[in-house]
Amino acid sequence: MEFNKVLDNCKIYEAGKPIELVVREYGVDTKDIIKLASNENPYGTSPKVYKKIQELSKNMFMYPDDSMYELKEGLASKYNVTSSNIVIGSGSDQILDFVIKAKCNENSKILMSKTTFAMYEIYGRQTGCKILKTQDDEHNLAEFEEIYKKEGADIIFLCLPNNPLGECLDRDDVYEFLSKVDKNTLIVVDGAYQEYASYKDSKKHIEPSDLIEHFPNAIYLGTFSKAYALGGMRVGYGIAQESVIKTMYKLRPPFNITTLSLAAAIEALKDEEFVSKCIELNFSEMKRYEEYAKQKGFSYINSYTNFITLKFDNKFISSEVAQSLLERGIIVRDLTGYGVNAIRITIGTNTQNTKVFQVLDEVLEELKKQENL
Ligand SMILES: *Cc1c(COP(=O)(O)O)cnc(C)c1O
């Protein structure tokens with residue numbers, strides 16, 4: 001069977017491994033598995049959201065309110081924009097799909113950092129467009145500018161902070177770069193972890209209303225999957241000038257989130273206290289990882305997110321470390337596929353992290369012994 005030729009160059013997205021797989025393949029008990037591979041909020045969903053969903057579960061025979069009125073109003077008031085500046089997606093992933101479809105064909109170019117969110121490239125390849133990447137692993141605006149001047153681009157992706165590495169550019173530097181970008185280039189600011197970055201350092205904070213006022217060619221993406229603890233519900237959003245949003249609506253399938261997802265997101269927005277608490281705990285627990293890395297002599301990337309990237313340099317092979325952890329029921333993300341000898345660990349709860357350090361100690365000891373044989 002012949003398919004669309006552009007698909008020959010498409011890779012399949014590899015998601016973090018699910019708990020079910022570890023149970024099946026390594027016989028670890030479900031309750032002993034610690035899943036720190038997908039940057040989910042380890043504190044679970046807010047009890048208020050959980051309660052609301054239980055109440056509303058009887059409504060699942062009905063399609064959701066396709067206007068998503070209440071959710072958009074909630075976001076509009078949180079971000080000080082109007083509903084006409086907002087589009088809702090099945091995760092912000094779906095908005096990425098919209099923006100690429102809106103701008104790209106096989107003659108287009110998209111520009112991104114070398115080691116960044118895999119979906120930019122994957123959706124890009126589905127259109128057959130050219131993928132331009134910087135050389136540096138971490139976001140490097142000088143390189144972005146150089147490539148942009150030489151090649152131009154239809155879309156520029158900035159992941160602020162960046163997944164899977166955790167670094168984050170300063171807003172002022174981003175704005176300075178964006179001021180040199182042509183009005184016909186769409187700028188995508190992926191703010192999946194902005195809640196974390198803004199808490200840690202206000203210089204990293206990007207306010208969507210301010211961004212789109214300064215740069216009418218920008219779209220800000222947010223998600224309920226990370227700080228808002230609704231990864232399984234699939235709700236994300238884009239914030240942009242009305243003309244950009246109108247174009248996104250041409251691409252949006254009807255009822256693109258579920259009745260319960262919509263209810264969950266509306267409720268989650270009302271419980272900011274829960275989100276703040278989770279973010280605070282995230283950074284106090286992250287300190288323990290930094291201490292651990294220092295103690296073991298590993299380098300790590302200063303992270304503005306809910307995960308930390310530990311680099312093994314020439315000390316260990318990250319895929320071996322990740323595999324050994326997996327066999328012991330701890331799921332982390334190996335970054336070999338991104339060309340980096342590192343693992344990305346979502347910051348878990350206090351108890352989970354204590355267990356991670358203990359098991360990681362065992363694993364590293366064992367790998368050292370094997371090497372000396
Ligand atoms: C998690 C993530 C997203 C989107 O997640 P959804 O669950 O689709 O909302 C987007 N960008 C980055 C960088 C992410 O890490």
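In what follows, residues are counted from 1 in the order of the sequence shown. Both counts, for ligands and for their atoms, begin at 1 and track the order of listing.
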| Looking only at non-hydrogen atoms, which of Ser92, Gly91, Gly222 approaches atom 5 (O) of ligand 1 most closely? |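 Answer by nearest heavy atom: Ser92.
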| message | Judged on heavy-atom distance to atom 15 (O) of ligand 1, which of Tyr193, Tyr120, Phe307, Tyr237 sits nearest? | response |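 Of the listed residues, Tyr193 has the closest heavy atom.
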Is the distance between the ring centroids of [X] and [Y] less than 6.0 Å?
X	Y	result
Phe224	Tyr237	yes
Tyr199	Phe283	yes
Phe144	His139	yes
Phe298	Tyr292	no
Phe117	Tyr120	yes
Tyr304	Tyr196	no

| Arg234, portion touching ligand 1 at heavy-atom distance under 4.0 Å |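 Near ligand 1, Arg234 shows its side chain, while the N, CA, C and O stay back.
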| Taking non-hydrogen atoms only, is Lys226 closer than 4.0 angstrom to ligand 1 via side chain, backbone, both or neither? |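 Within the 4.0 Å criterion, Lys226 contacts ligand 1 through side-chain atoms alone.
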Per-atom contacts of ligand 1 with [X], taking only distances under 4.0 Å to non-hydrogen atoms:
X	value
Asn163	13 (C), 14 (C), 15 (O)
Asp93	8 (O)
Ser225	6 (P), 7 (O), 9 (O)

Does at least one non-hydrogen atom of [X] fall below 4.0 angstrom from an atom of ligand 1?
X	answer
Gly236	no
Cys159	yes
Asp190	yes

| task | Please name the pair of heavy atoms, one in Met68 and one in Ile88, separated by the smallest distance, quoted to 0.1 Å. | result |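 In terms of heavy atoms, the two residues are closest at SD-CB, 3.4 Å.
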